[in-house]
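This chain uses plain numbering: 1 for the first residue, then up along the sequence. Only this structure's heavy atoms are used, side chains among them; waters, hydrogens and symmetry mates stay out.
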Amino acid sequence: MAQITTAQDLVAALSKCVGGEHIECSTPLTGVALKNHRFPADKPVRIKGHFRADQRARNGWTNALEAFGCANIEFEESHFEGVVVSDYERYARGLYIERGERIALRRCRLGDGNQGALINRVDGLVIEDCDFQSLGNFGLQGAVLKNFVLRRNIFSGFHLAFDATLSAHVSPHGDAVQLMAVPGYEAGCERGLFEDNLVWCDADNKVQGIYLQDLADCALKAGRPHRDIHFRRDVLLGAGWDALALDVAGGGLVIEDVQALMIQGGRLAPSDPPGGQHVVEARINIAREIGAQVIRSTASRLMLPGQYNARIGGFTTAPQISQAEADRIARQWLNRHRSAPSKPSDPRAAEIEQLTVERRQLDGQRAQITRRIRQIDNRLRTLRRAAA
């Protein structure tokens, strides 16, 4: 395979593939657009690379990589990078996929911008062992997903711009995962599995966890609501408003061994809607009266509509926890699912793990430090003007 150094090289290489090839990009690529690259189901093409959005972008829709109408492509150990101007000014999106079959992301990083990924109309999506990190808004957004799996992914390091002057394209109300049915996409998501995922917020940057909505009942009216969605062993730490907000009108909703815990303290998020109540719970919020199962799960509160016919097999109401306790639970998750493959005798393994955990903790503290510096600067300006 020829050396891949430009977006054009990657497109040309894919055009020559027949299935089963492995393409590795040797330098970061910008402006990658893949269209109608389709390969046999038993011979996916694997791609590894670093894809960067145009660093001049100051919007929320420029993409590091976009793909249209592709099938049987797997991205492995790839980085999809947006634009970071400052902690609270982030733009662009890592990945955009529109229509496709059997698309996979494994061991990838999607972050360092406004949004991680937007994926619509894909049948057979797999996202495993990926990091959605250092984002200003959403981790994953999507619509009309079928037969999809999200497994062992991390959503963390959010930087929510509460001051609208800092970024016109960053919402103070972010979601780790947001799957919507909206006009133009009048069909829900179906046959989906969320398994062993971690949403890890810090006290100052609480995002909503996993959100499935049918806007104005457009999918329900079309006879294609969200249906058959299963959550298993997902851990949501500090997810505000709702840890799980689920408008699954088609039935088949199962919540099993899910742990949703609110972190004490930190800055209050702006109310939604403006002027409303500040919600700081980690709730499981089930919107429809159609049956669901809740099995051995924990949250601040379980919200059900009236006359609900859910089967509750062991729900526990949890108090708020400290940031230190949240970090301890997150480290347990990391030990289970992200253990370094180094040999036990390798003395570097312990240091790698220690530094990785410390790096995540410092990333969480950065927001609080930045906020305090801004307060000090504002107070100094006021005092100096008064003393002049």
Nearest atoms (heavy-atom pairs only) where [X] meets [Y]:
{"X": "M262", "Y": "A239", "result": "CE-O, 3.3 Å"}
{"X": "A245", "Y": "Q208", "result": "CB-OE1, 4.2 Å"}
{"X": "N63", "Y": "E66", "result": "ND2-OE1, 2.9 Å"}
{"X": "L334", "Y": "I154", "result": "CD2-CD1, 3.7 Å"}
{"X": "C17", "Y": "V45", "result": "CB-CG2, 4.0 Å"}
{"X": "A219", "Y": "G188", "result": "CB-N, 3.7 Å"}

Student check: side-chain heavy atoms of [X] and [Y] closer than 4.5 Å:
{"X": "L140", "Y": "N153", "answer": "no"}
{"X": "V177", "Y": "F138", "answer": "no"}
{"X": "N285", "Y": "L244", "answer": "no"}
{"X": "C70", "Y": "F39", "answer": "no"}
{"X": "V122", "Y": "F148", "answer": "no"}
{"X": "V254", "Y": "I295", "answer": "yes"}
{"X": "T298", "Y": "L261", "answer": "yes"}
{"X": "I286", "Y": "L253", "answer": "yes"}

Check whether [X] reaches the backbone of [Y] with its side chain - one donor and one acceptor, N or O, closer than 3.5 Å.
{"X": "E21", "Y": "V18", "value": "yes"}
{"X": "Q55", "Y": "G82", "value": "yes"}
{"X": "N197", "Y": "L150", "value": "yes"}
{"X": "N72", "Y": "P44", "value": "no"}
{"X": "D202", "Y": "N205", "value": "yes"}
{"X": "T62", "Y": "A53", "value": "no"}
{"X": "N59", "Y": "W61", "value": "yes"}
{"X": "R38", "Y": "G69", "value": "yes"}
{"X": "D234", "Y": "V258", "value": "no"}
{"X": "S26", "Y": "I4", "value": "yes"}

Between [X] and [Y], does any side-chain donor sit less than 3.5 Å from a side-chain acceptor?
{"X": "R90", "Y": "S134", "answer": "yes"}
{"X": "E98", "Y": "N120", "answer": "yes"}
{"X": "Q213", "Y": "D247", "answer": "no"}
{"X": "Q133", "Y": "S156", "answer": "yes"}
{"X": "Q178", "Y": "Q141", "answer": "yes"}

Please report the interatomic distance [atom1]([X]) to [atom2]([Y]), rounded to the nearest 0.5 Å.
{"X": "F75", "Y": "C130", "atom1": "CZ", "atom2": "SG", "value": "11.5 Å"}
{"X": "N147", "Y": "E190", "atom1": "CG", "atom2": "CD", "value": "7.0 Å"}
{"X": "I73", "Y": "E101", "atom1": "CD1", "atom2": "CD", "value": "11.0 Å"}
{"X": "L304", "Y": "I284", "atom1": "CG", "atom2": "CD1", "value": "9.5 Å"}
{"X": "L145", "Y": "I97", "atom1": "CG", "atom2": "CD1", "value": "10.0 Å"}
{"X": "H37", "Y": "L10", "atom1": "NE2", "atom2": "CG", "value": "7.5 Å"}

Under 4.0 Å between a Lys/Arg side-chain N and an Asp/Glu carboxylate O for [X] and [Y]?
{"X": "D42", "Y": "R102", "result": "no"}
{"X": "D257", "Y": "R233", "result": "no"}
{"X": "K48", "Y": "E77", "result": "yes"}
{"X": "D131", "Y": "R109", "result": "no"}
{"X": "E76", "Y": "R106", "result": "no"}

Quick check on the hydrophobic clustering: are [X] and [Y] connected, directly or via other members, by side-chain heavy-atom contacts under 4.5 Å?
{"X": "L118", "Y": "M180", "answer": "no"}
{"X": "V207", "Y": "Y211", "answer": "no"}
{"X": "V126", "Y": "L34", "answer": "no"}
{"X": "L215", "Y": "L179", "answer": "no"}
{"X": "V144", "Y": "I210", "answer": "no"}

Determine whether more than 12 heavy atoms belonging to other residues, nucleotides or ligands lie under 6.0 Å from atom CZ of R99.
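No, not enclosed.
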Identify which one of R52, R56, R58 satisfies the salt bridge (charged side-chain N to carboxylate O under 4.0 Å, His left out) criterion when paired with D54.
R56
Quick one: sort the [X] and [Y] rings into parallel, tilted or perpendicular, breaks at 30° and 60°.
{"X": "W333", "Y": "H337", "value": "tilted"}
{"X": "F194", "Y": "F231", "value": "parallel"}
{"X": "F132", "Y": "F155", "value": "parallel"}

What verdict does the side-chain contact (heavy atoms from CB on, under 4.5 Å) test give for C218 and Y185, after you've listed the backbone C-alpha separation in whole Å, the side-chain angles of each residue and the deciding distance to 0.1 Å?
CA-CA 9 Å; C218 63; Y185 296 86; over 6 Å; no
Salt bridge (charged side-chain N to carboxylate O under 4.0 Å, His left out) between R152 and E195, worked out:
CA-CA 7 Å; R152 297 186 302 273; E195 185 175 68; 5.5 Å; no
Check the pair Y96 / F68 against ring-ring contact (aromatic ring centres under 6.0 Å, His included), numbers first and verdict last.
CA-CA 9 Å; Y96 172 42; F68 304 90; 5.6 Å; yes
side-chain contact (heavy atoms from CB on, under 4.5 Å) between L193 and R232: does it pass, once the steps are laid out?
CA-CA 8 Å; L193 172 64; R232 181 186 296 140; 4.1 Å; yes
Report the C-alpha separation of Q323 and Q264 in whole Å, then their side-chain angles, then the decisive distance to 0.1 Å, and conclude whether the side-chain contact (heavy atoms from CB on, under 4.5 Å) test is met.
CA-CA 7 Å; Q323 185 72 60; Q264 297 169 347; over 6 Å; no
Go through the steps for L125 and I127 under the test side-chain contact (heavy atoms from CB on, under 4.5 Å), then give the verdict.
CA-CA 7 Å; L125 174 69; I127 304 178; 4.0 Å; yes
Carefully, step by step, assess R107 and D129 under the rule salt bridge (charged side-chain N to carboxylate O under 4.0 Å, His left out).
CA-CA 5 Å; R107 301 180 301 283; D129 303 302; 5.4 Å; no
